[in-house]
Structure formats: C-alpha cells, structure tokens
Amino acid sequence: MQRSMKGGVYPPARAYPRLALTAILMLGACAAVPDYQAPGMTLPARYSSHVAAPAAPAVADRLWWEDFHDPVLNHLVAAALAENPSLAEARARLAEAEALAGRAAASGVLGDGRVEIRSNSDALDTGEVGLTALLDPAGGRRAEKRAAAARADAARDAGIDARRLLIADLATSYVDLRFYQTRLAQRYEDLASRQRSLRNIQTRTEAGTGTELDVLQARAILADTQVEIPQLEATVIQTRNRISTLVGRTVGDIGLDLSYPGAQPLPRRKGDLGVPADLLRLRPDIRQAERLYAASISDMTAAEAARYPTLSLNGVIRAPLSGGEASRSLAAGLVLPVFSQGALAQDVRAASARADGALAQWRGAVLSAVEQVESALAALEGATRSAQAAQKSVTLNTRALTLTRALLDS
C-alpha cells in the first residue's frame with residue numbers, strides 16, 4: 001500500500017532497497033571491466049653456460065653469504081639489514097603503501113552523516129539526521145582497491161629487492177677488501193724478496209761476478225713493486241669506506257676489526273642455479289614489475305568506470321524538538337558525468353598507455369635478469385679457469401724463485 005507525504009505519492013520504504021539493487025545491477029552491466037591476465041614470456045629451458053638442467057634453488061640459497069663461513073661477513077650483513085638507510089626507506093614506503101591499501105579497502109561506500117538543529121521563526125525548532133551514500137556500480141572503487149593492493153605488493157617486493165642488492169653489494173665489497181688485502185700482503189712479501197735480491201746482486205757485482213745491468217734490472221723490478229703498493233693501500237681504504245656506508249655507519253665507526261685475517265673468503269657450497277623460468281617467481285624485481293603492471297590494469301579499469309554513472313542514496317529523519325510527529329524520506333539518484341566525457345576518455349587512454357609501459361618494464365626486467373645470470377655464469381666460469389691458470393703460474397714462479405735463491409746464495 002502506498003503512503004502520501006505532503007501531497008506526493010511514494011513507494012513504501014521497504015521497496016527502496018530493491019530499487020537501489022536493481023539500479024546497481026543495471027549500471028554495473030554498463031562498465032566493461034577487463035580481467036587481469038598475468039604476463040608471460042618464452043624463456044630458454046636452461047642457461048647457455050650450464051650443461052645439465054639443475055634443480056630449482058633451495059630455500060637455503062636465500063642465506064647464500066653464510067656459505068663463506070666468515071663470521072665477519074655474517075656480522076656485517078646483520079648490521080646492514082638493521083641500519084642501512086636504503087632498507088629503512090624501503091620499509092617506510094611499504095608502510096605507506098599498506099596504509100593506502102587499507103584506506104582503499106575501507107572505502108567501499110562513500111558518504112557522510114550529518115546532524116542538524118534548526119531554529120524556525122514559528123518557534124518550532126526541529127532536529128534532522130541525514131545520511132548520504134555514494135555507490136559505485138561500475139566497479140571503479142573495486143578497481144582502486146585492487147590497484148592499491150597491487151602497489152602494496154610491489155612495495156613489499158621492492159623492499160626484498162633492496163635487501164638482495166644490499167647484501168650482494170656488501171658481500172662483493174667485503175670479498176674485494178680481502179682480495180686487495182691479500183694482494184697487498186703479497187706485494188709486501190715481493191718487496192722484501194726483491195730488496196734481498198738487489199742486495200745479493202749488488203754483492204755479486206762488487207765481487208766481480210755480476211754486471212751493472214743486473215743491478216739496474218733488479219732496481220727496476222723493485223721500483224715497479226713500490227709503485228703498486230700505495231695504490232693497493234688506497235684501494236683498501238676506499239673499500240673499507242664503502243663497507244661502512246653499506247652498513248649504515250660513518251667512516252671509522254663501523255665497530256668491527258677489518259684488518260687482514262691472512263686469508264680470502266671462498267664459498268664452500270655451490271647453490272643450484274635453477275632455470276630461467278624460475279626468475280619469474282624468485283626475482284623480487286620481476287615480481288615488483290608484475291605487480292605494478294597489475295596495478296596499472298586496475299587503474300585503467302577505474303578510469304573506464306569513472307565514465308559511468310554513480311548511484312546516490314540520501315536518507316533524512318526530521319522531527320520537532322518540542323514534540324510531534326517525525327518524518328522521514330529516502331531518495332535515490334544518479335550522478336552522470338555528462339560534460340566531462342571527453343576528458344574522462346583521455347584519462348582512459350592515458351591509463352592504457354601507462355599499462356603498456358608497465359608491461360614493457362616487466363619484459364625489460366625479465367630480460368635484464370636473464371642477462372645478469374648469464375653474465376654472472378660466464379664470469380664465474382672465466383674466473384675459475386683464470387684461478388686454475390694463476391695457481392699453476394704461482395707454482396712455477398715459486399720453483400723459479402727457489403732456484404734463483406739457490407744460485408744467488410751459492
């Protein structure tokens with residue numbers, strides 16, 4: 001049964017939810033909301049420099065630096081993870097992204113409530129309670145939620161990637177430091193040895209069994225060694241400074257003795273390399289790029305939804321403060337972006353272009369990751385072969401030095 005209010009005829013109050021639901025369903029059918037499709041690329045079945053297809057990387061590989069069994073390196077990594085400014089910045093960005101995602105998730109229905117007290121000239125003061133709700137049947141706010149959640153995931157992966165790059169940089173700097181310290185110690189040994197050789201040659205020359213040319217050649221070799229030592233000392237200092245910055249401490253305040261321990265750290269276990277396809281799920285920079293692409297798709301959906309109407313629901317309860325009968329009203333309306341359609345269409349085009357760019361960035365991240373692994377494998381193979389050749393050279397030179405010493409001392 002219908003009821004009359006001030007000469008107007010309205011449907012019963014229980015009919016409004018059904019009308020609103022019908023309007024929502026009708027409007028929701030207007031907006032085309034594309035489903036997100038995860039990007040994909042065709043990758044080789046194995047790395048070019050790896051003969052057999054290895055197993056997927058194990059969980060233990062995430063702590064790869066512990067394979068050096070170096071307590072100083074472990075201490076540096078722990079300190080860097082706690083104090084490095086770049087990681088602190090990444091954590092702050094993640095907290096911001098999570099807060100924005102929470103804000104988007106909490107705004108399912110937009111609107112405001114209000115309470116008013118009005119004093120009229122006829123002394124009939126009234127109180128009024130109103131509620132306004134804006135519904136989004138085209139799915140724009142749902143898309144905004146998905147975009148915010150994807151950006152939070154991307155920020156989380158960005159933090160993981162920052163951690164990966166920090167540990168890699170720190171471990172590389174630490175191993176370089178030990179290398180330069182080892183080489184400096186060897187240069188000092190060479191310096192002492194060549195000073196001794198020069199004295200022996202000078203003694204033999206004074207005895208008439210040597211020549212001035214032998215003396216000059218020995219002095220030239222000694223001078224070459226003296227030239228290299230200051231450069232190595234400067235490089236050691238620079239590498240220490242780099243380590244201090246990575247740890248998050250000022251130079252000279254690292255709180256750890258980095259003097260030469262007499263050995264260079266070497267890994268004692270070689271982790272599984274995996275296959276190129278593993279990079280799509282293991283590399284945080286690739287996962288970050290994929291999440292940003294997903295966010296751009298949701299942005300495009302939200303831009304498209306902004307071109308369609310939104311539903312407005314307004315409810316008011318009004319009553320005299322001095323007593324009397326209260327009245328209520330409920331109205332539903334559509335907000336139509338009529339005059340902004342041209343601008344909104346350009347927003348859709350811009351969002352689509354950003355999505356294309358995000359997809360290109362994801363492809364670039366995948367290609368870059370594969371290149372980095374391939375290059376690292378090539379460098380590892382080359383370094384292994386060079387180390388084997390260097391070891392043979394050291395053995396031969398040691399034997400030659402022993403024979404030379406025997407001839408000079410005889």
Side-chain angles (χ1 to χ4, degrees), residues 57 59-106 144-178 236-258 265 271 279-296 298-299 358 361-362 364-366 368-369 372-373 376:
V59 176
D61 291 331
R62 299 174 185 174
L63 306 177
W64 55 267
W65 64 90
E66 295 183 355
D67 293 335
F68 287 94
H69 299 280
D70 191 309
V72 177
L73 177 59
N74 294 340
H75 181 86
L76 289 174
V77 170
L81 293 178
E83 302 183 39
N84 181 267
S86 297
L87 289 188
E89 180 183 359
R91 287 191 290 267
R93 289 180 177 176
L94 173 58
E96 178 187 7
E98 288 177 338
L100 293 176
R103 179 181 182 274
E144 291 173 358
K145 291 179 186 179
R146 292 195 299 269
R151 288 192 171 89
D153 292 339
R156 189 174 297 107
D157 288 326
I160 297 173
D161 195 49
R163 180 180 183 272
R164 175 183 69 89
L165 295 175
L166 170 63
I167 296 176
D169 197 357
L170 180 60
T172 300
S173 298
Y174 179 76
V175 173
D176 287 346
L177 173 66
R178 295 313 189 200
V236 167
I237 294 174
Q238 292 169 353
T239 309
R240 282 179 175 173
N241 295 343
R242 177 60 180 164
I243 291 175
S244 297
T245 300
L246 292 174
V247 172
R249 310 270 181 87
T250 57
V251 174
D253 187 33
I254 196 171
L256 191 66
D257 184 13
L258 293 180
L279 295 176
L280 301 182
R281 60 184 178 85
L282 296 177
R283 287 273 297 220
D285 53 339
I286 296 179
R287 295 200 307 267
Q288 177 192 4
E290 185 272 333
R291 289 287 80 201
L292 291 176
Y293 172 61
S296 68
S298 296
D299 288 340
Q361 289 180 347
W362 178 84
V366 174
S368 178
Q372 290 172 11
V373 175

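One is the number of the first residue; the rest follow in order along the sequence.
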### Message
What I'd like to find out is whether the side chain of Arg242 reaches to under 4.5 Å of the side chain of Asp176, using heavy atoms alone.
### Response
no
#### Entry: Presence of salt bridge, Asp161 and Arg287, under 4.0 angstrom
no
#### Entry: Inter-residue atom distance Arg151.CZ - Leu94.CG, 0.5 Å rounding
15.0 Å
### Task
Return the minimal non-hydrogen interatomic distance between Gly159 and Ala90, and the atom names on each side.
CA-CB, 3.9 Å
### Contacts of Arg93 that satisfy side-chain contact (heavy atoms from CB on, under 4.5 Å) - sequence neighbours left out
Glu89
### Message
I need the minimum non-hydrogen distance between Pro265 and Val175, along with the two atoms involved.
### Response
CG-CG2, 4.3 Å
### Within-4.5 Å side-chain heavy-atom neighbours: Arg164 and Asp285
yes
## Note on the structure
So side-chain hydrogen bond (donor to acceptor under 3.5 Å, both in side chains) across residues 246-255, not counting sequence neighbours, yields Glu83-Arg249
### Query
Side chain of Ser173, backbone of Asp169: donor and acceptor closer than 3.5 Å?
yes
### Euclidean distance, Leu87 CG relative to Arg163 CZ, rounded to 0.5 Å
8.5 Å
#### Entry: Any Val247 side-chain heavy atom under 4.5 Å of Ile243 side chain
yes
### Message
Determine whether a donor-acceptor pair (N or O, by modelled atom type, separation under 3.5 Å) exists between the side chain of Ser296 and the backbone of Tyr293.
### Response
yes
### Query
Does Gln372 CD have over 12 foreign heavy atoms under 6.0 Å away?
yes
### Message
Suppose the criterion is side-chain hydrogen bond (donor to acceptor under 3.5 Å, both in side chains): which pairs have a residue in residues 69-81, not counting sequence neighbours?
### Response
Asp70-Tyr174
### Task
Please round to the nearest 0.5 Å and tell me the distance separating atom CZ of Arg103 and atom CD of Glu144.
9.0 Å
### Query
If you look at every heavy atom in Phe68 and Leu73, which pair is closest and at what distance?
CD1-CD2, 3.9 Å
### Query
For Thr245 and Asn84, which heavy atoms make the closest approach, and how far apart are they?
O-ND2, 4.1 Å
### Query
With a 4.5 Å limit on heavy-atom distance, are the side chains of Leu258 and Leu76 in contact?
yes
### Closest approach of Ala152 to Ala97 (non-hydrogen atoms, all atoms of both residues)
CA-CB, 3.7 Å
### Message
So, taking the atom named CZ in Arg178 and the one named OG1 in Thr239, what distance separates them when rounded to the nearest 0.5 Å?
### Response
11.0 Å
### Matching residue for Val77 among Leu246, Val72, Ile167, Leu166 - test: side chain to side chain contact (heavy atoms under 4.5 Å, CB included)
Ile167
#### Entry: Closest non-hydrogen atom pair, Gln288 against Ala154
CG-O, 3.5 Å
